[in-house]
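Scroll down for the structure; my scribbles are underneath it.
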Amino acid sequence: MRNSWADSVENTATDNVGPSGGSGASASTRRSSYVPPHLRNKPMGAEPPAPSPGGPPSGNDRSGFNGPTSGSRWGGSRPDYGRQGYSGGGRSGGGWGGRGGGWGREREVNPFGNDADVDLEQSFDQENTGINFDAYEDIPVETSGENVPPPVNTFAEIDLGEAVNLNIRRCKYVKPTPVQRYAIPISLAGRDLMACAQTGSGKTAAFCFPIISGIMRGDFSQRPRGVRTVFPLALILSPTRELSMQIHEEAKKFSYQTGVRVVVAYGGAPINQQLRELERGVDILVATPGRLVDLLERAKVSLQMIRYLALDEADRMLDMGFEPQIRRIVEQMDMPRPGERQTMLFSATFPKEIQRLASDFLANYIFLAVGRVGSSTDLILQRVEYVHDGDKRSHLMDLLHAQMANGVHSKQALTLVFVETKKGADALEHWLCINGFPATAIHGDRTQQEREQALRTFKRGDTPILVATDVAARGLDIPHVSHVINFDLPNDIDDYVHRIGRTGRAGKSGLATAFFNEGNLSMAKPLADLMQEANQEVPEWLTRYASRSYGGGRNKRSGGGRFGGRDFRRDSSYSRSGGGGVSYYDGGNSSGGYGNYSGGYGPGVTSAWD
DNA sequence: AAAAAAG
């Protein structure tokens with residue numbers, strides 16, 4: 001039972017240096033002698049202030065946190081390579097961030113240790129990736145495009161700079177995930193990227209590492225120093241507020257003590273605080289589209305210095321009707337054109353709308369498809385049960401009781417319950433609460449504060465049951481979700497895949513239970529197919545429903561199979577699918593390794609319009 | 001049809 005949380009605590013306690021990152025070489029060698037390029041020839045400053053004055057040292061401190069490398073960052077002469085806005089222009093400067101002391105510039109909060117359980121817990125979770133990581137080996141990957149840079153097998157092979165390497169170690173990342181193995185070299189080579197992959201595959205790190213490292217290496221001394229306008233160098237767009245928050249949190253870890261500043265902006269939260277954060281300087285801006293448009297209209301943000309653009313969950317953003325706003329941001333503001341910036345487009349699926357977006361936003365891109373993490377591994381045990389609507393609550397209660405009996409209702413065993421509607425979420429939460437189950441809810445009608453609160457208490461295990469609408473379906477990385485219950489099945493198999501993907505994360509196993517009834521007929525076939533594909537036991541009654549093939553379950557996955565999509569540029573039959581076979585791509589491509597997995601594309605997926 | 005996102 002090495003998998004338990006307690007075990008991992010123990011392991012981490014004894015193994016305090018952490019894994020050597022597979023670098024093979026001496027982790028014991030002090031990296032103090034190395035000075036990152038952008039810090040060279042700078043006078044070494046004073047020692048950094050103690051990371052947690054008075055507090056116990058965090059686990060991360062042991063891995064060289066206090067090393068001299070970090071010292072230079074905090075000395076009087078901060079390397080200022082054209083970064084604007086740090087002084088705050090004396091606006092509200094002094095009074096702000098009062099805890100900072102020193103010279104009005106607040107200390108960078110250590111995103112790793114300090115904040116006891118929550119963060120440590122995540123770290124342990126990450127460490128566990130080392131255990132089941134082999135599960136990732138089976139995930140099929142394909143690339144196509146001109147001169148695809150070869151993938152790497154270890155982080156050691158990638159030169160991200162010492163500061164980022166340290167953070168990788170602090171995150172306890174041992175080995176790059178498939179999407180990282182391919183995407184990072186592609187991105188470091190300066191190429192645009194269209195990637196079909198889901199969060200949980202390590203996407204965030206895949207686009208953050210090259211961005212951070214690129215910003216550290218780059219010379220941006222030409223960056224304007226606006227008084228009220230800021231000029232970020234990188235923009236990361238994501239569909240939901242919580243996802244933006246999460247990307248922000250991760251990016252802060254990756255860029256800790258690199259001098260790269262990450263700021264997040266999303267709606268529902270007071271804009272003034274976000275503005276203050278922006279005015280203190282921003283290199284990487286993480287945002288939801290609506291709030292960003294607002295900031296652009298107010299001329300608080302200019303995109304003219306953008307060198308890196310990443311769009312996360314692009315298909316989701318289009319589903320949510322963000323295309324006009326995204327096009328406005330990318331094409332109609334002062335953003336540099338494709339080719340003058342580096343663009344990474346991430347999407348779970350690759351339907352025509354995304355293909356259009358790709359051809360409009362990207363220049364000579366490389367296509368990368370990573371098999372679906374949720375179904376192509378055996379990490380998630382999927383179950384379907386036939387439950388009438390009226391029986392759902394009592395059935396749910398049975399499941400939860402069983403879990404409680406097993407004593408698994410704690411931090412290491414959270415249960416996420418998906419429902420169809422916001423009203424339904426409220427009702428179910430209330431019902432669970434009055435029946436003595438510690439539940440909370442997240443959906444779009446709750447205030448942002450309530451949403452964040454719900455997520456926090458859930459993550460902490462204070463309310464180990466979270467009732468959610470699809471706002472929480474994609475991308476959210478919550479450690480220790482051991483059970484996803486589809487109380488109401490979605491109408492789209494991709495949504496199902498995303499939902500169950502909230503468990504079985506980071507190489508851990510998980511359980512997904514779905515309640516199926518006559519109202520979900522359109523899902524019978526896609527669900528049965530998907531489960532079959534994932535080597536799950538398909539109940540006989542579901543197979544019967546599936547064989548009757550109800551037309552729906554709109555299958556957006558062009559191509560089906562284990563990938564979210566395929567590079568349509570290489571698809572000779574592309575013209576068949578309407579759209580007129582845009583031929584801006586000269587077939588003269590090399591390598592690519594395409595076709596290795598052609599077997600993975602099942603025989604024509606039955607589609608609604610056949 | 002519902003959900004999400006700008007207020």
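Here is how names work: the chains are called A, B, and so on, in the same order as the sequence lines, proteins then strands, and each is numbered from 1.
- In terms of phosphate contacts, A/T288 brings a side-chain nitrogen or oxygen within less than 4.0 Å of OP1 or OP2 of B/dA6.
- The distance between atom CG of A/L275 and atom P of B/dG7, rounded to the nearest whole Å, is 12 Å.
- Summarising the local packing, CD of A/Q532 is surrounded by 12 or fewer heavy atoms from other residues, nucleotides or ligands at distances under 6.0 Å.
- Atom CD of A/E452 and atom P of B/dA5 are 11 Å apart (whole Å).
- Against DNA chain B, the stretch residues 419-430 of chain A makes heavy-atom approaches under 4.0 Å through A/E420, A/T421, A/K422.
- In this structure, the NE2 atom of A/H498 is 19 Å from the P atom of B/dA3, given to the nearest Å.
- Residues forming a side chain to side chain donor-acceptor pair (under 3.5 Å) with A/T447 (at least two apart in sequence, or on another chain): A/E450.
- Rounded to a whole Å, the OH atom of A/Y266 is 10 Å from the P atom of B/dA6.
- In terms of the side chain to side chain contact (heavy atoms under 4.5 Å, CB included) criterion, residue partners of A/D192 (sequence neighbours excluded) are, by chain and number, A/Q342, A/T343, A/L362, A/A363, A/Y365.
- Looking at residues two or more places apart in sequence or on another chain, you find a side chain to side chain donor-acceptor pair (under 3.5 Å) between A/E323 and A/R327.
- The side chain to side chain donor-acceptor pair (under 3.5 Å) check on A/R291 picks up A/Q274, with sequence neighbours excluded.
- Using a 4.0 Å heavy-atom distance criterion, A/R241 is classed as a sugar-phosphate-only contact.
- One finds a side-chain N or O of A/R451 lying less than 4.0 angstrom from the OP1 or OP2 phosphate oxygen of B/dA5.
- A 4.5 Å side-chain heavy-atom check between A/N486 and A/E420 finds every atom pair outside the cut-off.
- Atom pair A/D470:CG and B/dA1:P shows a separation of 17 Å (rounding to whole Å applied).
- Residue-level contact check: A/R298 touches neither bases nor backbone, having no heavy atom under 4.0 Å from any strand.
- Across all strands shown, A/G321 has no heavy atoms under 4.0 Å from either base or sugar-phosphate atoms.
- Rounded to an integer number of Å, the gap from A/F322 CZ to B/dA6 C1' is 10 Å.
- Applying the ring pair (Phe, Tyr, Trp, His ring centres under 6.0 Å) test to residues at least two apart or on different chains, the pairs with a partner in residues 309-346 of chain A are A/F207-A/F346.
- Protein atom CD of A/E297 is 14 Å distant from nucleotide atom C1' of B/dA5, rounded to whole Å.
- For the pair A/D488 CG and B/dA3 P, the computed distance is 11 Å after rounding to whole Å.
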